[in-house]
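Proteins get letters first, then strands, A, B, ... in listed order; numbering begins at 1 in each. Since the model is a prediction, treat every value here as computed from it, not as a measurement.
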There are 2 protein chains.
Amino acid sequence: MVFDDIDKRLLFYLQEDSKQTNKELSNKLNLSVTAVYERIKKLEKSGVIENYVVLVNKEKVEKSFVAFCHIKLIQHSQEFVVKFEKEVTNLNEVLECFHISGDYDYLLKVLVKDMAAFREFMVKKLTTINHIGSTHSMFVINEVKHTTAINI
Amino acid sequence: MVFDDIDKRLLFYLQEDSKQTNKELSNKLNLSVTAVYERIKKLEKSGVIENYVVLVNKEKVEKSFVAFCHIKLIQHSQEFVVKFEKEVTNLNEVLECFHISGDYDYLLKVLVKDMAAFREFMVKKLTTINHIGSTHSMFVINEVKHTTAINI
DNA sequence: ACTGAAATGTCAAGGCC
DNA sequence: GGCCTTGACATTTCAGT
């Protein structure tokens with residue numbers, strides 16, 4: 001699918017605030033409401049717009065502790081990898097999991113209440129997954145920037 | 001603010017799909033439309049619901065390359081830190097930036113088109129920021145899990 | 001928290017560059 | 001092909017209970 005400048009601006013606005021009405025967007029883009037509507041539908045159908053979601057303030061729901069965990073597997077056979085990835089995906093404390101280059105195999109972003117909850121998570125959940133060799137955790141002291149908006 | 005089970009379920013649904021109508025939500029929660037409406041307003045006012053956004057498919061907009069960059073500063077005076085954090089925040093390739101514990105000071109999540117674009121980003125943007133000591137980059141081979149939904 | 005009603009928004013149809 | 005106007009229908013929002 002091909003974007004023009006209007007599509008890019010539209011995506012910019014929607015990534016900032018998806019609750020704007022088509023009327024508000026039509027004013028910003030100097031278009032009719034229907035034109036905006038049709039462009040959005042096209043972006044949804046083509047899969048560019050993947051989803052509409054609410055972002056929740058993690059402090060307000062008592063999930064203030066963010067950690068990144070490096071993980072190395074013992075072995076890298078297809079079977080082990082698939083199983084590990086599936087089990088990690090099922091952990092709701094794990095918001096993100098990436099297979100990465102470098103000394104470790106995976107990088108996980110973990111969100112829990114506090115350090116005690118993190119310890120609990122490591123001992124009772126993460127390290128009970130088989131085939132994990134070593135782990136190395138880094139704790140977030142401060143979140144400097146965090147956006148879901150892609151610059152298009 | 002105190003949540004009951006209904007609020008938690010409501011947040012679960014909204015974190016999955018914020019485009020559901022209050023009517024659909026009222027069915028799932030066995031409430032009236034207005035009750036749902038009022039609960040959502042309360043969650044917005046209290047700041048639990050931070051924002052409504054569109055999530056864009058990064059492959060579809062030619063941003064398929066994700067890297068994590070560790071950064072160490074030369075010095076850690078207030079002045080240097082503030083300036084570094086401000087400049088990093090202004091880089092649109094940087095989606096996330098965390099001040100972290102461990103060998104490095106910061107961890108950045110960078111999103112660009114490809115390896116060539118990443119090189120460009122490092123040479124022309126990131127390393128032109130003053131006071132950066134050393135960097136260490138890790139490349140994402142595969143995204144195993146990525147969600148914005150917090151388990152409440 | 002519910003009902004009911006006004007205000008507002010979404011979306012389809014048809015016509016015009 | 002993309003844009004506009006119109007109008008029907010759905011949803012949001014708010015007052016009263």
Side-chain angles (χ1 to χ4, degrees), chain A residues 1-62 147-152, chain B residues 1-64 92 113 147-152:
Chain A
M1 127 144 223
V2 190
F3 314 102
D4 60 13
D5 268 15
I6 298 177
D7 287 320
K8 289 179 186 177
R9 288 173 57 210
L10 179 53
L11 285 170
F12 172 81
Y13 292 131
L14 289 173
Q15 286 187 105
E16 270 200 328
D17 174 14
S18 64
K19 265 232 148 170
Q20 302 173 77
T21 63
N22 291 348
K23 194 172 181 178
E24 290 173 297
L25 291 166
S26 72
N27 285 331
K28 292 181 182 173
L29 298 169
N30 272 92
L31 280 179
S32 73
V33 173
T34 309
V36 170
Y37 171 76
E38 281 165 356
R39 278 173 182 269
I40 292 176
K41 282 298 154 220
K42 203 173 136 194
L43 290 165
E44 289 171 357
K45 295 233 168 77
S46 66
V48 174
I49 292 180
E50 217 161 43
N51 203 3
Y52 292 79
V53 300
V54 146
L55 299 181
V56 167
N57 182 308
K58 58 187 182 327
E59 281 77 23
K60 293 270 164 72
V61 294
E62 301 223 293
T147 180
T148 54
I150 300 174
N151 190 264
I152 302 164
Chain B
M1 127 146 225
V2 190
F3 314 102
D4 60 13
D5 267 13
I6 298 177
D7 287 320
K8 289 180 186 178
R9 287 174 58 210
L10 179 53
L11 285 169
F12 172 80
Y13 291 131
L14 289 173
Q15 286 187 107
E16 272 202 326
D17 174 14
S18 64
K19 267 231 145 170
Q20 300 174 78
T21 63
N22 291 348
K23 194 172 181 180
E24 290 174 296
L25 291 166
S26 72
N27 284 333
K28 292 181 182 174
L29 298 169
N30 272 90
L31 281 178
S32 72
V33 173
T34 308
V36 170
Y37 171 76
E38 281 164 357
R39 277 173 184 269
I40 292 175
K41 284 296 156 222
K42 202 172 137 198
L43 290 166
E44 289 171 358
K45 296 235 166 72
S46 67
V48 174
I49 291 181
E50 218 161 42
N51 202 4
Y52 292 79
V53 300
V54 146
L55 299 181
V56 167
N57 182 308
K58 58 187 181 331
E59 280 77 23
K60 291 272 165 73
V61 294
E62 300 224 293
K63 302 279 182 182
S64 300
N92 61 45
K113 186 184 175 193
T147 180
T148 55
I150 300 173
N151 190 265
I152 302 166

At a cut-off of 3.5 Å, list every protein nitrogen or oxygen paired with a nitrogen or oxygen from nucleotides 2-6 of chain C, distance to 0.1 Å.
{"from": "C:dC2", "atom 1": "OP2", "to": "B:S32", "atom 2": "N", "distance (Å)": "3.0"}
{"from": "C:dC2", "atom 1": "OP2", "to": "B:S32", "atom 2": "OG", "distance (Å)": "2.4"}
{"from": "C:dT3", "atom 1": "O4", "to": "B:T34", "atom 2": "OG1", "distance (Å)": "3.3"}

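- With sequence neighbours excluded, no residue forms a side chain to side chain donor-acceptor pair (under 3.5 Å) with B:Y13.
- Among residues two or more places apart in sequence or in another chain, the side-chain contact (heavy atoms from CB on, under 4.5 Å) test is passed with A:K42 by A:M1.
- When the side-chain contact (heavy atoms from CB on, under 4.5 Å) test is applied to A:T34, the partners found at least two apart in sequence or on another chain are A:S32, A:E38.
- Contacts of B:K58 classified as salt bridge (charged side-chain N to carboxylate O under 4.0 Å, His left out), with partners at least two apart in sequence or in another chain: B:E143.
- Under the salt bridge (charged side-chain N to carboxylate O under 4.0 Å, His left out) criterion, the residue pairs touching residues 7-32 of chain B are B:D7-B:R39, with sequence neighbours excluded.
- For the helix from C:dA1-D:dT17 to C:dC17-D:dG1, the terminal axes (five pairs an end, C1' atoms, rotation from four pairs onto the next four) enclose an angle of 30°, given to 10 degrees.
- Contacts between residues 9-28 of chain B and DNA chain D, defined by a heavy-atom separation under 4.0 Å, are made by B:T21, B:N22, B:K23.
- Residues meeting the salt bridge (charged side-chain N to carboxylate O under 4.0 Å, His left out) test with B:E50, sequence neighbours left out: none.
- Contacts of residues 39-54 of chain A with DNA chain D (heavy atom under 4.0 Å): A:R39, A:K42.
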N/O-N/O pairs, protein side and nucleotides 15-17 of chain C side, under 3.5 Å:
none

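- Applying the side chain to side chain donor-acceptor pair (under 3.5 Å) rule to B:Y37 yields no partners; only residues at least two apart in sequence or on another chain are considered.
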